[in-house]
Amino acid sequence: MGRPEAGQPPDFIRKIINEDIADERFGGRVHTRFPPEPNGYLHIGHAKAICLNFGLAEEYGGRCNLRFDDTNPTKETSEYVEAIKADVRWLGFAWGEQELYASDYFEQLYEFARQLVKAGKAYVDSLNPAEVREYRGPWNRPGRESPYRQRSVAENLELFERMRAGQFPDGAHTLRAKIDMSSANMNLRDPTLYRVIHAPHHRTGEKWCIYPTYDFAHGQCDSLEGITHSICTLEFENHRPLYDWLLEALQIHHPRQIEFARLKLSYTVLSKRKLIELVEGGYVSGWDDPRLPTLAGLRRCGYPPEAIRAFCEKIGVSKVNSTVELALLENCVREELNRSAPRVMAVLRPLRVVIENYPEDQVEELEAVNNPEDPGAGSRKLPFSRVLYIERDDFLEEPPKKFYRLAPGREVRLRYAYFLKCVGVVKDEQTGDILELRCTYDPETRGGYAPDGRKVKATIHWVSARKALQAEVRLYDRLFRQADPTDVPEGVDWKSTLNPNSLETLDSCRLEPSLAQARPGSRYQFERLGYFAVDPLDSAPGKPVFNRIVSLRDSWAKLKQAGK
RNA sequence: UGGGGCGUGGUGCAAAGGUAGCACACCGGCCUUUGGAGCCGAGAAUGGGGGUUCGACUCCUCCCGCCCCAGCCA
């Protein structure tokens, strides 16, 4: 029980559930929910919660509801609802026949509130927000009771009804639970249950002008849906006594709340506020900017959902506030794509190569393996001709000791093609820039094998100039320069840690011709470079634009770095 | 300052009185028609002090540090 197939030890949540099942606490049932507020886009931190809740339901043969927490009409829109649904679906989860909304329960919630009033456990307060704060008091001193706290049940009932009827302006009255103004837990100092908000709601329209607070709605919605395990983040631990109190006062089904630490990821930000700041401030192109940790951004960039799910499995779940290294996410992506992505040849920064001893008009087709990790992926033909493009980085006029790619007089292998030797360098007389390489090839090495057993230190990628597809490729890098973008001196804007080089657009890349047919969203490994995906928005038929998802591990780059 | 929560290698997660383990990262080696992948290996941790015990990450106690709470946000 508790992901036996994962071969992982159960985390603290699964241990609790295992105990509950053993104790028949909920008749052996497991019913979770993912309760987003439709006021923003989902990010990879939400993915952790989604994978947890839906994953639990799958493992234990239970169910997981998708319920939108839409209790604040001033912030929520159906546009966000649709975006969230798309993200959850993309991750690979289904929530059954219908999606649920807290607003579905407004009438029931109102009735619950009336019950509390009748029981003398809630009252209509008429203090303004500043006064409420004043009466609530500080942590280390008890608060004071509102002068309206002793209103009669009849008066409370009438006032509450009139609040609903729209007879009061915003903020004039609230409904508060009557608990304990001297509690050490601030959440029990008569928390607000209802407030007046004259604003249209994305689903209920003009029907209501009073709305339940999250604290009043959330627990009761879970109860109404028969949720057994209400999994939420650490900051709600302080609220649990309030939720317990409400459920107890109402005498209704009492789910078990379990709190876990939300995800933090290095080199990025996951707070809704900061994400909005980046989007609205124009620091990125939108919610789906491939540099953003939003699910929309990751999807657009080309991240496979399987990799995100694997990541969520690997990070585990606990109550410790912690930051996961971006490298782990990248590792999950590489692991998934190494298995599944077809390999292709692409030259990002082309350097022209002329093979002097290769016949002018000859074109050959050479066999290339599609994925060495997957024999079933088959192979394809690559056109080869006299003029080629290779990567500029693969040639150095004066190679340092550990560099074993192409250099004057040196021989390397062109992947799946021939051995190639550099016999000359053509430069711009003015600038000294290298314009092209003059080379010779060995016809005996077709396919890349030397019959004489001669060895070569490097194999490099290439694209036939004549048949190449020219394309734009976007190189994305981490959005911030430091692991914790918010770690800035007092008074310094955290956005000053943005990485100015997080996007590099290359527009004269040369790709093997088969890529003209690449479908939007499809993922490839550009051999020796990294994993890339066809941008779903900016690509046109026959004219793909590629986004770099993640680079390949690059031990040469590491060496170079270390040498400096 | 009151309440709640949390401290295990660089990072994340295990070990519920019995040899502190796994993954990522890092370092070294092997292999290689991707300087990829794969394989092998090394280094590296229980916040601190007392106590209980044959034995403590685990139990007790004191201390230290970090996070959350004074919205009519969620």
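Letters go in sequence order (proteins before strands), and every chain restarts at 1.
- Across Phe160(A), Trp208(A), Phe168(A), Phe106(A), a single residue satisfies ring-ring contact (aromatic ring centres under 6.0 Å, His included) together with Tyr194(A), and that is Phe160(A).
- The residues Asp222(A) and Arg33(A) are annotated as salt-bridged, a charged nitrogen and a carboxylate oxygen being separated by less than 4.0 angstrom.
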Between protein and nucleic acid, restricted to nucleotides 14-20 of chain B and to nitrogen or oxygen atoms under 3.5 Å apart, what atom pairs and distances do you find?
unit_1 : atom_1 : unit_2   : atom_2 : d
A15(B) : OP1    : Lys15(A) : NZ     : 2.5

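- The Glu325(A) side chain lies nearest to U11(B) when the options are G36(B), C13(B), U11(B).
- Within 4.0 Å (heavy atoms only), Ser266(A) reaches no atom of the nucleic acid at all.
- Remark: Arg415(A) is not positioned above the aromatic ring of Trp462(A), lacking an NZ or CZ atom under 6.0 angstrom from the ring centre and at most 45 degrees off the axis.
- Contact annotation: Arg405(A) side-chain N/O to G35(B) OP1/OP2 distance is not under 4.0 Å.
- In this structure, Lys457(A) reaches neither bases nor backbone, as no heavy-atom distance under 4.0 Å exists between it and the strands shown.
- Using a 4.0 Å heavy-atom distance criterion, Tyr449(A) is classed as a base contact.
- G51(B) and A56(B) are spaced 11 Å apart, taking the C1' atom of each and rounding to whole Å.
- For Glu259(A) and G4(B), a side-chain-to-base donor-acceptor distance below 3.5 Å is absent, hydrogens and geometry of angles not being considered.
- Arg343(A) comes within contact range of at least one nucleobase, with a heavy-atom separation under 4.0 Å.
- In this structure, the side chain of Glu325(A) does not engage the main chain of Ser266(A) through any donor-acceptor pair within 3.5 Å.
- Remark: Lys402(A) fails to qualify as a cation-pi partner of Trp556(A) under the 6.0 Å distance and 45° angle criteria applied to the six-membered ring.
- Base pairing of G43(B): no nucleotide in any strand meets the Watson-Crick or G-U wobble criterion (both distances under 3.5 Å).
- A donor-acceptor pair under 3.5 Å links the side-chain atoms of Arg189(A) to the main chain of Ser183(A), judged by distance alone.
- No contact: Glu330(A) has no heavy atom under 4.0 Å from any strand.
- Figure legend. A16(B) is base-paired to no nucleotide; pairs are counted as Watson-Crick or G-U wobble with both atom distances under 3.5 Å.
- The shortest distance between the side-chain N/O atoms of Ser322(A) and the OP1/OP2 oxygens of C13(B) is below 4.0 Å.
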Do nucleotides 67-74 of chain B as a string where each nucleotide becomes B, S or -: B if the base has a protein heavy atom under 4.0 Å, S if just the sugar-phosphate does, - if no protein is that close.
-> SBBBSBSB

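- Comparing atom distances between the Lys319(A) side chain and each of A25(B), C6(B), G12(B) picks out C6(B) as nearest.
- When both pairing distances are held under 3.5 Å, U1(B) makes no Watson-Crick or G-U pair with any nucleotide shown.
- The side chain of Lys558(A) sits closest to C26(B) out of U34(B), A25(B), C26(B).
- C62(B) and G3(B) have their P atoms separated by 13 Å, with the value rounded to a whole Å.
- A 3.5 Å limit on both hydrogen-bonding distances identifies no Watson-Crick or G-U partner for U52(B).
- Checking C57(B) for Watson-Crick or G-U wobble geometry (two distances, each under 3.5 Å) identifies no partner in any strand.
- Looking at Arg141(A), its side chain has no donor and acceptor atom pair within 3.5 Å of the base of U1(B).
- Phe311(A) comes within contact range of no nucleotide atom at all, as no heavy-atom separation falls under 4.0 Å.
- Using a cut-off of 4.0 Å between Lys/Arg side-chain N and Asp/Glu carboxylate O, Arg380(A) and Glu367(A) are scored as not salt-bridged.
- Using a 4.0 Å cut-off between charged nitrogen and carboxylate oxygen, Glu277(A) and Arg273(A) count as a salt-bridge pair.
- Looking at heavy-atom distances under 4.0 Å, Glu237(A) makes contact with sugar-phosphate atoms alone, never a base.
- Remark: U11(B) base-pairs with A23(B). Criterion, Watson-Crick or G-U wobble with two distances under 3.5 Å.
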